[in-house]
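Throughout, residue positions are numbered sequentially from 1 according to the sequence presented. Owing to the predicted nature of the structure, the values given are computational and were not obtained by experimental measurement.
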Amino acid sequence: MPKRSCTFNNELQNEYPFLKKVFNQVDRVKCSCGSEFSVSHGGRADIKDHLKSSRHKNSLLVSAGSSKLTSYFKSSEPHNKELLLAAKEATYAYHTVNHNLSFNSNICNSKLISTFFEPKFTLGKTKCEAIVLNILAPLALDELHDDCSMYRKDIKIVSVIIRYFQPEFGIKVKLLEFKSVPGETAEILTNHIMTVLKERNLDKKVIGFCGDNCNINFGGVKRGGNNVFARMKNELGREVNGIGCGAHIVHNCMQTAVDVLRIEIEALIVKIHKYFHIYTVRVTKLQEFCEFAEVEYKKVLQHGSTRFLSLLPAIERILLIFEDLKAYFFSEIINLRLKSEIVNQDQLFDKVVLAKEFWLLKVKDWKKEEIKTKIKITSEEKWVQLFCHFKEKDMLAPNIKLILQYIFCMPGTSAPAERIFSLMNNAWSDERARMNENTVRGLMVCKMNFGLTCNEFYEKIKNNTTLLKKVHSAEKYQY
């Protein structure tokens, strides 16, 4: 009678957990040493024979001196030490961008840091570029979303910059997009700008457009419809403010004045005097402006027929109250385009009274600080202090906030756009001419939008676990 074959049962499995049953075969097992053998003849005896064999012992010696393939891959859930290392690497990548360093320089710098300070620190050219382009630049744009042309050889680069006001922090100017376009026509530029705005759901928040005073942006003298400003209004379906670059306007005015002075100063003095001469309401309002700013009101003098006697005193008198006059006329001509149902007039009046009380208490402190530091405190900084004071007292001021956000987001010049190209030229130098457009875009977004020192950036990201996991993992690479 033939002997019955043995099988690898549960009892043997519990006794020898390093053995695994071969698929669809009850009498064959696979050992952790990599060998496969049968237990059909002697069962437990076959296993003991295998453990005593030279083949099994040699395999264990070989496996002890080598690592598993999985040990070369990073774990999906990094430990705190790995996250801290990721924060250091991300900060150094930001340091590279912030100080216009080459990605290639990190090949040497990374080795020095790992030798002197952190043995596990690795931040070569490819890794540093991946962190900047695929993690830090998107982070800068995400933060911007939460809050709310240039030639280089044959590439036409257009920068889209937005300006907005936050009551607790003041005016913010951020780079929204930095990309090449296939031409410089009004249609191409308008489509590009509108695409960028719609991608980030900002098209409904646009209240103005600022750019150079060229025909393609605002049209010629007749202000036709084939320009970026007119096309944007049609795309948005509403009126927006068109703001030419004040710096360009001043430059053109000064250039003309140097050639021949044709400014009708005399006519200007006469018009200002006539504007206030017989209108008590206007004079009273101007007096209120002066009282609010704590400036002594001076009556606007009349320019008489004796030109050489009256013209200079009239000009000097206007200069004495120039800021108040400017504020007065600005309040008369500004069109906030805010619907009456948006601004509650009663609430606005109450908050203006409280704002004035705060202003009167702080104005002396501001003057002392200006004398001490020799630095003028801007109106933006004063309003930020006011809103912070309201926040500390749990006071809401939505109407003042709405008006201030509208006013402060209006740029007076296109200098921020010009600054982008200065930064681009510093980074995209002849020595680094092989950088592609996407790399330059990532550098500009990080440099323009974060605005932090390297230490401040480290403090910002060191507790951001989601970001550090991306830095630690292979997500940062694009294949």
Side-chain angles (χ1 to χ4, degrees), residues 74 78 82-107 109-110 113-114 118 120-148 157 159-162 164 169 172-180 196 199-200 416 419-429 432 434-479:
K74 294 180 178 179
E82 293 174 328
L83 293 178
L84 182 61
L85 179 62
K88 295 176 181 178
E89 292 174 349
T91 302
Y92 198 82
Y94 176 75
H95 170 82
T96 302
V97 175
N98 201 30
H99 297 283
N100 293 329
L101 301 179
S102 169
F103 289 134
N104 286 327
S105 66
N106 284 338
I107 298 175
N109 294 341
S110 176
I113 293 173
S114 63
E118 180 60 65
K120 293 186 177 181
F121 185 91
T122 57
L123 191 70
K125 173 183 179 295
T126 304
K127 186 175 183 179
C128 181
E129 185 175 0
I131 291 174
V132 171
L133 301 187
N134 303 326
I135 297 180
L136 301 188
L139 172 66
L141 292 176
D142 289 342
E143 289 184 351
L144 173 60
H145 182 269
D146 293 337
D147 288 343
C148 41
I157 302 290
S159 61
V160 181
I161 298 173
I162 66 168
Y164 57 96
F169 304 103
K172 300 290 183 180
V173 179
K174 298 294 181 70
L175 177 62
L176 193 62
E177 186 55 275
F178 188 80
K179 188 178 181 181
S180 64
V196 172
E199 284 178 352
R200 293 163 176 81
R419 181 170 179 265
I420 285 292
F421 295 112
S422 297
L423 295 174
M424 182 197 74
N425 288 331
N426 291 336
W428 204 2
S429 61
R432 306 173 70 185
R434 294 180 61 187
M435 282 198 301
N436 58 37
E437 178 191 327
N438 189 47
T439 301
V440 178
R441 174 185 177 274
L443 294 177
M444 294 300 100
V445 168
C446 292
K447 193 171 182 67
M448 184 78 178
N449 291 6
F450 281 123
L452 303 172
T453 65
C454 298
N455 288 335
E456 291 171 344
F457 182 79
Y458 176 72
E459 294 296 327
K460 174 185 175 68
I461 68 167
K462 69 178 183 180
N463 296 322
N464 190 338
T465 307
T466 303
L467 177 74
L468 297 181
K469 285 182 178 179
K470 292 181 180 179
V471 175
H472 177 266
S473 68
E475 291 184 34
K476 56 183 173 287
Y477 299 109
Q478 290 184 348
Y479 301 100

Quick check: closest heavy atoms across Cys128 and Asn106, and the distance to 0.1 Å? SG-ND2, 3.0 Å
Validation row: Lys88, Lys462 side chains within 4.5 angstrom (heavy atoms): no
Any idea which heavy atoms bring Ile161 and Leu175 closest together, and the distance? CG1-CD1, 4.1 Å
Once rounded to the nearest 0.5 Å, what's the spacing between atom CD of Glu89 and atom NZ of Lys127? 3.5 Å
Starting at CG of Asn109, measure out to NE2 of His95 and round the result to the nearest 0.5 Å. 7.5 Å
To the nearest 0.5 Å, what is the distance between CD1 (Ile135) and NE2 (His472)? 11.5 Å
Do Asn98 and Phe457 pass the side-chain contact (heavy atoms from CB on, under 4.5 Å) test, and can you show the C-alpha distance, the side-chain angles, and the key distance before you say yes or no? CA-CA 11 Å; Asn98 201 30; Phe457 182 79; over 6 Å; no
Pair Phe178-Met448, side-chain contact (heavy atoms from CB on, under 4.5 Å): steps then yes or no: CA-CA 11 Å; Phe178 188 80; Met448 184 78 178; over 6 Å; no
For Lys470, the side-chain hydrogen bond (donor to acceptor under 3.5 Å, both in side chains) test, sequence neighbours excluded, returns none
How far apart are the closest heavy atoms of Lys120 and Leu85, and which atoms are they? O-CD2, 3.5 Å
Distance in Å, Ile162 CD1 paired with Arg200 CZ, rounded so as to fall on 0.5 Å steps: 9.0 Å
Which atoms form the tightest heavy-atom contact between Ala86 and Val471, and what is the distance? O-CG1, 3.6 Å
With a 4.0 Å cut-off on N to O distance, would you call Lys460 and Glu456 a salt bridge? no
Atom OH of Tyr94 and atom CZ of Phe450: how far apart are they, to the nearest 0.5 Å? 7.0 Å
Can you find a pair of side-chain heavy atoms, one from Leu139 and one from Leu467, that are under 4.5 Å apart? yes
Run the numbers on Arg441 and Lys179 for side-chain contact (heavy atoms from CB on, under 4.5 Å), then give the verdict. CA-CA 7 Å; Arg441 174 185 177 274; Lys179 188 178 181 181; 5.5 Å; no
Side-chain contact, heavy-atom cut-off 4.5 Å: Phe103 with Leu443? yes
Heavy-atom pair with the smallest gap, counting every atom of Pro138 and Leu133: CD-O, 3.3 Å
Rounded distance [0.5 Å steps], OG1 in Thr91 versus CG in Leu136: 8.5 Å
Between Ile131 and Ala93, which heavy-atom pair has the shortest distance, and what is it? CG2-CB, 3.9 Å
